[in-house]
Amino acid sequence: MNMFFQSIMAGLETGSLYALAALGLVLIFRTSDVINFAQGEMAMFSAFIAFKLFDGMKLPYPLAFLGAIVFAILFGFIVERVFIRPASKASLVSKMIITLGLIMIVGGLANALFGIDSHYFRKAIVADNMNIKGVVIQPNAIFIIAITFFIMAGLFYMINKTKMGIAIRATAQDENTAKMMGIPVSKVYSMSWIIATILGAIAGILIAPTTNVSTAMMGEVHLKSFIAAVLGGFGSFYGPVVGGLIIGVLDNLVGMYISLTWKTVIVYGLLILTLIIKPTGIFGKTHRKKV
Amino acid sequence: MLKLKDVSAFYGYIHALKNISIEVKEGTIVTLLGANGAGKTSTLKTISGMLKPKKGTIEFQGRDISKKRPEDIVSLGIVQSPEGRQVFPELTVLENLKVGAYTRKDKNIKNTLIKIYDYFPILKERKNQMAGTLSGGEQQMLAIGRALMAKPKLLLLDEPSLGLAPLIVNNIFKIIEEIKKEGTTILLVEQNAYKALAIADYAYILETGKVVLQGNAKELKSDSKVKSAYLGG
């Protein structure tokens, strides 16, 4: 039973990070219809910034973390302004190809600036493990789950209750009408890219102790965040969060109880099955228009 | 209040508006009539900044707005209630109305909301319901209410009677008249020429992107050409 709880905790820990990254993907997709394939690379770049601030400039960890967030704000803003906005009238496929190109630009830049070595980056919380009735829990895992929870709570409050949040949802549903009502749609895009880049950066920095900081570090998180978004449904903001947690937990449970070698196959098999039964994802809705 | 002078606009290669000149005087209801594809909606879109005119000027209260962005035009006081209603289906009724007030910075938004609930009591009843679950008539009321939330000086109404039952149409036209009485100027696009001429002060008739006839609404109503073409004999 202890192993069971331990797997669940570990699953929630990684699942939270998938959820953060997936939420970034969905936020951009819902508002500007662009699928940002470069989300992982952008997160990697931000994680490198945190690492360099910490390791190179010897800043304390919290400051390095904050510095990377500030960088992510600028980064998201610039990417939207320079690469996405000029192509606002281009087709969806063209926009996706732009974000594919971004993978090469950001990845190449990271290689040139930071080198191809892999570096260890510390955990956010370094403390002794806790033992609660035989279940071993890492304080860092608690921190990751808690910080994800607070970020989600803040973000969902923003999306559901504030003026900007209503503007984001209105733009996501009907860009033209949103414009007609006086919503500065380009500001909404800018905002969603900034938020998404921040979410990616946080996921990148927090996964770093597991993957090390390297140009290839986000490969798995990025892929799984995509799958989380598809599983939960690209159509809602809650879907990807639930999807991320499900994948994280399933991954660990299957690895623990069924087979470590086959866990990826089994988990994705289950996902495919879910999508066959519900193609729009768990929280997805099919839209019908009134005549 | 609003003056379009020789406005031409294109959708790609399609010449949607050909030298349209229209004037809307403050405190009146002006209606644009015409068949499908005559350029009525395109005219509204150039006014609200959604379609950029190739040629001509659009003057609102003395300044040229033809190059302004849609959100700035809304701030100036021109707000559109779009064709086919286009409410945000997954926002609640109240949230839809709040979107309408997006550009407003004053504190009287609550009063406007009360007034809109006054016009359309059903919206108050359904304020926490998703707009997508409303009936067609209710969505139309919501679209008009949403536009009014911006406290427009000029309200652009695109086909408010489209697809609605006659009883609801009557109700909506009554409210349009009331909105005018409260001091809002209205530019009304309609296919239901009979209804539109009944409440309008002045009318323009469009055909394939051109103004072919204009005049006092009362006079046009008895004009034989208009009668045969738009009023069914």
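Protein chains get the first letters and strands the later ones, always in sequence-line order, with residue 1 at the start of each. Only heavy atoms go into these numbers, but all of them, side chains included; no hydrogens, no water, no symmetry mates.
At a heavy-atom separation below 4.5 angstrom, chain B is approached by no residue within residues 69-99 of chain A. Contact annotation for residues 111-124 of chain B against chain A (heavy-atom separation below 4.5 Å): no residues qualify. Taking non-hydrogen atoms and a 4.5 Å limit, the residue list of residues 144-158 of chain B in contact with chain A, ordered by number, reads R146(B).
Note that the CD atom of E71(B) and the OG atom of S186(A) stand 6.0 Å from one another [nearest 0.5 Å]. If you take CZ on R104(B) and NZ on K163(A), they are separated by 10.0 Å, rounding to the nearest 0.5 Å. The structure places CE of M50(B) at 7.0 Å from OG1 of T177(A), a figure rounded to the nearest 0.5 Å. Within the model, atoms CE of M181(A) and OG of S48(B) stand 9.0 Å from one another, a figure rounded to the nearest 0.5 Å.
For the options A167(A), A172(A), G182(A), heavy-atom pairs under 4.5 Å to chain B are most numerous at G182(A). Contact count against chain A (heavy-atom pairs under 4.5 Å) is highest for L91(B) among T103(B), L91(B), D72(B).
Summarising the local packing, CE of M1(B) is surrounded by more than 12 heavy atoms from other residues, nucleotides or ligands at distances under 6.0 Å. By the neighbour-count criterion of 12 heavy atoms within 6.0 Å, atom NZ of K18(B) is densely surrounded, having more than that number from other residues, nucleotides or ligands. The environment of F149(A) atom CZ is sparse: at most 12 non-hydrogen atoms of other residues, nucleotides or ligands sit within 6.0 angstrom. More than 12 heavy atoms of other shown residues, nucleotides or ligands fall within 6.0 angstrom of atom NZ in K52(B). Residue-environment remark: NZ (K40(B)) exceeds the threshold of 12 foreign heavy atoms within 6.0 Å. Open room surrounds CD on E26(B); 12 or fewer heavy atoms of other groups in view lie less than 6.0 Å from it.
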With side-chain contact (heavy atoms from CB on, under 4.5 Å) as the test, would you mind laying out the steps for Q86(B) and D174(A) before giving the verdict? CA-CA 8 Å; Q86(B) 296 176 22; D174(A) 187 338; 4.1 Å; yes

Audit row: R169(A), E95(B), salt bridge (Lys or Arg N to Asp or Glu O under 4.0 Å) steps and yes/no: CA-CA 10 Å; R169(A) 280 184 294 144; E95(B) 283 170 341; 2.8 Å; yes

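Here the side chains of Q173(A) and P89(B) are in contact, with some heavy-atom distance below 4.5 Å.
Applying the ring pair (Phe, Tyr, Trp, His ring centres under 6.0 Å) test to every pair with at least one member in residues 153-201 of chain A, sequence neighbours left out, gives these pairs: F156(A)-Y238(A).
Across all non-hydrogen atoms, the minimal contact from Y102(B) to P184(A) is CE2-CD, 3.2 Å.
Contact of A178(A) with chain B is made through backbone and side chain together, with heavy-atom distances under 4.5 Å.
Judged by distance alone, the side chain of K98(B) and the main-chain N or O of I166(A) form no donor-acceptor pair under 3.5 Å.
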